[in-house]
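Predicted model, so just to flag it, every value in this text is computed and none were measured.
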Amino acid sequence: MTQQTQHNRIIIFDTTLRDGEQSPGCTMIIKEKLEIAHQLARLGVDVIEAGFPISSQGDFEAVQLIAREVEGPSICGLSRTMEKDIVRCGEAVIHAKKPRIHTFIATSDVHLDKKLRMSKEQVIATVAKSVALARSITPDVEFSCEDAGRTSWDYLADVISAAIEAGASTINVPDTVGYTNPWQYGECIAYLRSKARGAENVVFSVHCHNDLGMAVANSLAAVRAGARQVECTINGLGERAGNASLEEIVMNLIVRKDFYGMETGINAAEIYRASRMVSKITGMRIQRNKAIVGANAFAHEAGIHQDGVLKERTTYEIMRAEDVGWTGESMVLGKHSGRHAFKSRLASLGYDQLSDEEINRAFSRFKDLCDKKKDVYDEDLYAIVEDEIAQGEEIYHLEYLGFSSGTEAVPTATVKLRKNGEMLVDAGVGDGPVDAAFRAIDRITGMEATLIEYSLEAVTGGMDAQGQVSIALDAGGRKVRARGASTDVVVASVKAYLNAINKILRLQSAGENSESSVPKQSM
Ligand code: KIV
Ligand code: ZN
């Protein structure tokens, strides 16, 4: 039975790598996207929206690589309705076993009048043409009416009818600006299913943004009204307030199956791993009280709750931490652990695609860490591995860092970087050793970027914990986030700073936003 014919099966469409990546500073490198895509496949999502191929060479290559290498889910690329977008998108996804083209155009009055400057009839004609073109490339075509949440329902029905007639098999109704509410949105979906011509032959999909905190509730209301595909992201990552969170949607459907009566193909035990991986790679922390994946989501603080849970777990728990793959802070390995144990532990954390060279580098970091730190936890391994993945594609490599500071001294730092085999050295003074080191790096790299965020947290508990520094830089409007970890916080800061600079340089050389008319952040 196909996904489309099953009445009670919800298709989970993950857009972490496309809409999630549009979250400011969350741009990922290809290797990171591939790592996440493999984890999404293990999680059991039905569709991975891997990127927006026309937007840059980097996006194109990432979508193409994921299409070639990741098995299981359909691999989808986003495209506007222009011919060149659709053709490029087709080239990126076509090598997938199940390629999908997702094309969209705005339908609300404000978008038509002010952004597109097109009449309603012109939009309908464009939809028919572009969906037919996409359909000539792949049978799996999704069409979205951008800003559907603020579009008149009658007009939506006309646009959707045109898309269905031209061959779209999935119709997505996005609440692009997070404006709607569960009652209206549910009614809207029911209305469109009853009015659009051919609606009974397609899957209705929803895509909700969280500007009013309604993304998950709206998506679930749409499911009740007959939508059978939900678009969502891990940790609710996404522009502004984010997208509907995958883990919240899925756990609602599982925990309240009595109410929704729906199935998904998700292996919930992979949720926690996916959540950690996305957070580590993007540098976007998860708030402690975030539903399902926050550090406090399963913690019982109040005595009365603890007492109840000890007597009977279900007094205060509607699901178990283990159900979403949370196994607690486990001490994983020690000084005497070998490379084999290390490698299999990484695989169990979701990193089973690392090259031998990456494993060797990470293993040597792990051994160094064991000399400095008594117990090594999963969190330490995440920090090491993310650092290594970022460094694998580095342009500048940190060879040496020396610094001095103190209550009376002027903080100074000397930094030696290697670029293409050449050693580059400089020194800086600043109002602390971190500032001094950053200035030295700026002098070497010539990078003019503004530090817009800096934060330091302990990776685990204990006096010997590694410090993890998260940084966001703004280089001429391009924001990137990066992290660095070390038992020395100045070293961790310098690694994070250098990772961010390398990321900016890589994105520049991959031609990010080379198509200047495709500003990802304002789509
Ligand atoms: O929010 C939105 O409207 C989108 C579309 C491109 C699907 O992300
Ligand atoms: Zn969106």
Side-chain angles (χ1 to χ4, degrees), residues 24-29 31-32 58 280-284 361-362 364-365 368-369 383-406 409-457 459 466-510 512:
C26 286
T27 320
M28 296 168 237
I29 58 175
K31 174 104 196 148
E32 293 169 336
K280 295 286 173 193
I281 286 179
T282 58
M284 284 289 267
R361 283 204 314 258
S364 119
R365 285 270 306 271
D368 288 348
L369 188 61
I384 290 178
V385 140
E386 288 313 330
D387 238 30
E388 284 307 320
I389 291 179
Q391 277 179 27
E393 302 203 7
E394 64 190 2
I395 292 165
Y396 288 99
H397 175 78
L398 178 66
E399 280 291 329
Y400 168 87
L401 167 69
F403 52 86
S404 66
S405 68
V410 176
T412 57
T414 306
V415 176
K416 194 193 278 182
L417 303 181
R418 176 163 40 81
K419 184 186 180 197
N420 296 331
E422 192 189 348
M423 289 301 174
L424 306 156
V425 190
D426 218 319
V429 293
D431 53 20
V434 171
D435 186 39
F438 286 4
R439 285 170 195 251
I441 293 174
D442 288 347
R443 287 161 68 114
I444 297 175
T445 60
M447 175 67 66
E448 286 179 12
T450 313
L451 181 66
I452 48 176
E453 264 176 55
Y454 173 95
S455 65
L456 166 65
E457 65 178 345
V459 170
Q466 291 195 88
Q468 184 158 55
V469 171
S470 304
I471 270 180
L473 290 185
D474 184 330
R478 184 198 301 277
K479 294 191 186 63
V480 299
R481 283 174 199 283
R483 290 185 178 195
S486 168
T487 46
D488 182 316
V489 296
V490 182
V491 177
S493 306
V494 164
K495 281 184 173 170
Y497 194 66
L498 211 50
N499 284 344
I501 287 180
N502 281 328
K503 213 168 201 177
I504 292 171
L505 293 172
R506 270 192 312 267
L507 291 172
Q508 280 169 355
S509 70
E512 182 66 34

Heavy atoms only: give me the nearest [X]-[Y] pair and the separation to one decimal.
X	Y	answer
A427	A440	C-CB, 3.7 Å
A475	M447	CB-SD, 4.5 Å
D431	P411	C-CG, 3.9 Å
G484	A496	N-CB, 3.4 Å
G428	A436	O-CB, 3.5 Å
L456	G467	CD1-CA, 4.0 Å

Roughly how far, to the nearest 0.5 Å, is the [atom2] atom of [Y] from the [atom1] atom of [X]?
X	Y	atom1	atom2	value
K31	I281	NZ	CD1	10.0 Å
L424	I444	CG	CD1	6.0 Å
S455	Q468	OG	CD	9.0 Å
Q466	L369	CD	CG	4.5 Å

Heavy atoms, side chains only, cut-off 4.5 Å: are [X] and [Y] in contact?
X	Y	value
Y497	D442	yes
L473	L451	yes
T414	L401	no
V429	R439	no
R506	I395	yes
T445	K419	no

Distance-only, no hydrogens or angles: does the [X] side chain make a donor-acceptor pair with backbone N or O of [Y] under 3.5 Å?
X	Y	value
K503	I29	no
N502	Y396	yes
N499	R483	yes
S486	D488	yes

key: Test side-chain contact (heavy atoms from CB on, under 4.5 Å) applied to M28 and T282, step by step   = CA-CA 7 Å; M28 296 168 237; T282 58; 3.9 Å; yes

Option passing side chain to side chain contact (heavy atoms under 4.5 Å, CB included) with F438 (candidates L498, I471, I501) =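 For F438, the side chain to side chain contact (heavy atoms under 4.5 Å, CB included) test succeeds with only one of L498, I471, I501, which is I471.
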
